[in-house]
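For the numbers below, each heavy atom of this structure counts, side chains included, while hydrogens, waters and symmetry mates do not. In listed order, ligands and their atoms are each counted from 1.
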Amino acid sequence: FGGGMMRQGWSIDNFEVGRALGKGKFGQVYLGREKKSRFVVALKVMFKEELKKNGVEHQLRREIEIQTHLRHPHIVRMYGVFHDATKVYLILEYAPRGELYRLLEQKGHFNDAETATYVTELASALIYCHERKIIHRDIKPENLLLGIYGELKIADFGWSVHSPNSRRATMCGTLDYLAPEMVENKPHDETIDIWCLGILVFELLTGKAPFHCTDAEGGQMETARRITHISYTCPPSMSEGAADLIRQLLVYLGSHRLPLKQVLAHPWIVANKQDRSRQLTI
Ligand SMILES: CC(=O)N[C@H]1CCN(c2c(Cl)cnc3[nH]c(-c4cn(C)nc4C)nc23)C1
């Protein structure tokens, strides 16, 4: 499957289709196995009608263009694409240990070592993307998967674009990860991913997004206000090192956020990150 994976002319008949793994934005993702090589993949199946109705064909084309050319241990590979009369199929790398947000739900929150290790893996993937002028724009636990060693893998480049950019398509879903420049519909660049990294560090350590407001607390309007006013507090349980890193990431001006290479060198990261010495505790 390796060499041939870029050969064109795949069809669904080349694959055995297994259980549904979950829902991406516009379609179901299934476990799949290429019949000849027995290579296991994740097959993302989208209905052309659905894509047309939501006017996202251009977004999908961009996602495919971007993700098929990215090769990084912490980015889910897109091996190929094919379609039939009604559906588009993306052949994706299968991440055996599932979605990070499920693990976060189960554990409530992660410790400093687990969080610093995820941050190291995510920051190195984002450096790789930013070097290619690609910004992800949708970093959040729902879009992060776990490989065989429990290592982090970015999935779903559905919102990624070439930097700089101003968003046109409407956002849907939670505001929690929106940067101030997105809330205020200003042009944005790759520093938007650094903001989201800051939100993620906070959420992995506490189990809550820093600016989240329930409907009783004022809902999305209040969340948006707290984002643009950078109004959050770190719980006393959070280590000073982590609070310092978050403070340097959740900065209003994108150009003043800590660059990703300096995130990797931050004392709290250096002190707490673990290397995945192939911990294969299945
Ligand atoms: C945003 C998005 O694409 N979300 C998910 C749906 C499943 N999908 C997967 C993709 Cl695209 C790739 N690999 C996956 N592995 C799993 C998974 C494994 N376990 C044990 N449980 C699950 C679930 N899911 C995937 C991506």
Carefully, step by step, assess E222 and R225 under the rule salt bridge (charged side-chain N to carboxylate O under 4.0 Å, His left out).
CA-CA 5 Å; E222 184 52 20; R225 197 196 62 76; 3.0 Å; yes
So, regarding V76 and ligand 1 (criterion: nitrogen or oxygen to nitrogen or oxygen, under 3.5 Å), is there a contact or not?
no
Pair listing, side-chain hydrogen bond (donor to acceptor under 3.5 Å, both in side chains) test, anchored in residues 99-109, at least two apart:
K107-E114
Could you tell me which atoms of ligand 1, counted from 1 in the order shown, lie closer than 4.0 angstrom to a heavy atom of E93?
12 (C), 13 (N)
Pull out every atom of ligand 1 sitting under 4.0 Å from any heavy atom of R19, numbered as shown with elements.
19 (N), 20 (C), 21 (N)
Polar contact flag, side-chain donor to acceptor under 3.5 angstrom, H188-R137:
yes
With a 4.0 Å cut-off on heavy atoms, is A155 touching ligand 1?
no
For ligand 1, which atoms have a heavy atom of N143 less than 4.0 angstrom away?
1 (C)
Quick one: list whatever passes side-chain hydrogen bond (donor to acceptor under 3.5 Å, both in side chains) with E217, sequence neighbours left out.
T214
With heavy atoms only and a cut-off of under 4.0 Å, state how A95 meets ligand 1: side chain, backbone, both or neither.
both
Numbered atoms and elements of ligand 1 in range of Y94, under 4.0 angstrom, heavy atoms
13 (N), 14 (C), 15 (N), 18 (C)
For L92, take its heavy atoms, then give the atoms of ligand 1 lying under 4.0 Å from any of them.
11 (Cl)
Please confirm whether the ring centroid of W195 lies under 6.0 Å from the ring centroid of F211.
yes
As a quick check of understanding, evaluate ring pair (Phe, Tyr, Trp, His ring centres under 6.0 Å) for F15 and Y30, giving each step before the final call.
CA-CA 11 Å; F15 297 91; Y30 298 91; over 10 Å; no
